[in-house]
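Small disclaimer: the values here were computed from a predicted structure and weren't measured. Heavy-atom basis, side chains included; hydrogens, waters and symmetry copies ignored.
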Amino acid sequence: VDGQKVGDIGEEEVFGAMAVFTGEPRSATVVARTACTIMAVPQKDFILLIEAQPQAAVNLIDNLARRIVILNQQLIDKHDA
């Protein structure tokens, strides 16, 4: 975000999902450190995927929750510094 690293995305992780649910523009830019393949999924197809594969929704929620925990810790660390 604004040239600052805010996290890492691992193999098979989803990024950009927040915009699907909020309708807001993306809040960060993703930069790959190595060659990789990504799959862009249009909003309507993403919703269909979640409806057809409930485990994908569980994985997404797990991923988002982990990111929130990391962000909370970063805020605590910054406040304590």
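- Partner Val14 forms a side chain to side chain contact (heavy atoms under 4.5 Å, CB included) with one of Asn59, Leu60, Leu64 and no other, that one being Leu60.
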Pairs of donor and acceptor atoms involving the side chains of residues 40-54, under 3.5 Å and at least two apart or interchain, shall be tabulated with distances.
| unit_1 | atom_1 | unit_2 | atom_2 | d |
| --- | --- | --- | --- | --- |
| Gln43 | NE2 | Val20 | O | 3.0 |

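- Partners of Ile76 by side-chain contact (heavy atoms from CB on, under 4.5 Å), not counting sequence neighbours, listed by chain and number: Gln73, Asp80.
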Which donor-acceptor pairs under 3.5 Å do the side chains of residues 22-31 make with protein atoms, sequence neighbours left out?
| unit_1 | atom_1 | unit_2 | atom_2 | d |
| --- | --- | --- | --- | --- |
| Thr22 | OG1 | Met18 | O | 3.0 |
| Thr22 | OG1 | Glu24 | N | 3.1 |
| Arg26 | NH1 | Ala28 | O | 3.1 |
| Arg26 | NH1 | Thr29 | OG1 | 3.0 |

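- When hydrophobic residues (I, L, V, M, F, W, Y) are linked wherever their side-chain heavy atoms come within less than 4.5 Å, Val58 remains an isolated member.
- Counting only residues at least two apart or on different chains, the salt bridge (Lys or Arg N to Asp or Glu O under 4.0 Å) pairs with a member in residues 62-73 are Glu13-Arg67, Asp62-Arg66.
- In this structure, the separation between CD1 on Ile70 and CG on Leu75 is 12.5 Å, given to the nearest 0.5 Å.
- In this structure, Met39 is not a member of the same hydrophobic cluster as Phe15, with clusters built from ILVMFWY side-chain heavy atoms closer than 4.5 Å.
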Contacts table for residues 4-11: side-chain donor-acceptor under 3.5 angstrom, sequence neighbours left out:
| unit_1 | atom_1 | unit_2 | atom_2 | d |
| --- | --- | --- | --- | --- |
| Lys5 | NZ | Asp8 | OD1 | 3.1 |
| Lys5 | NZ | Asp8 | OD2 | 3.4 |
| Asp8 | OD1 | Arg33 | NH2 | 2.8 |

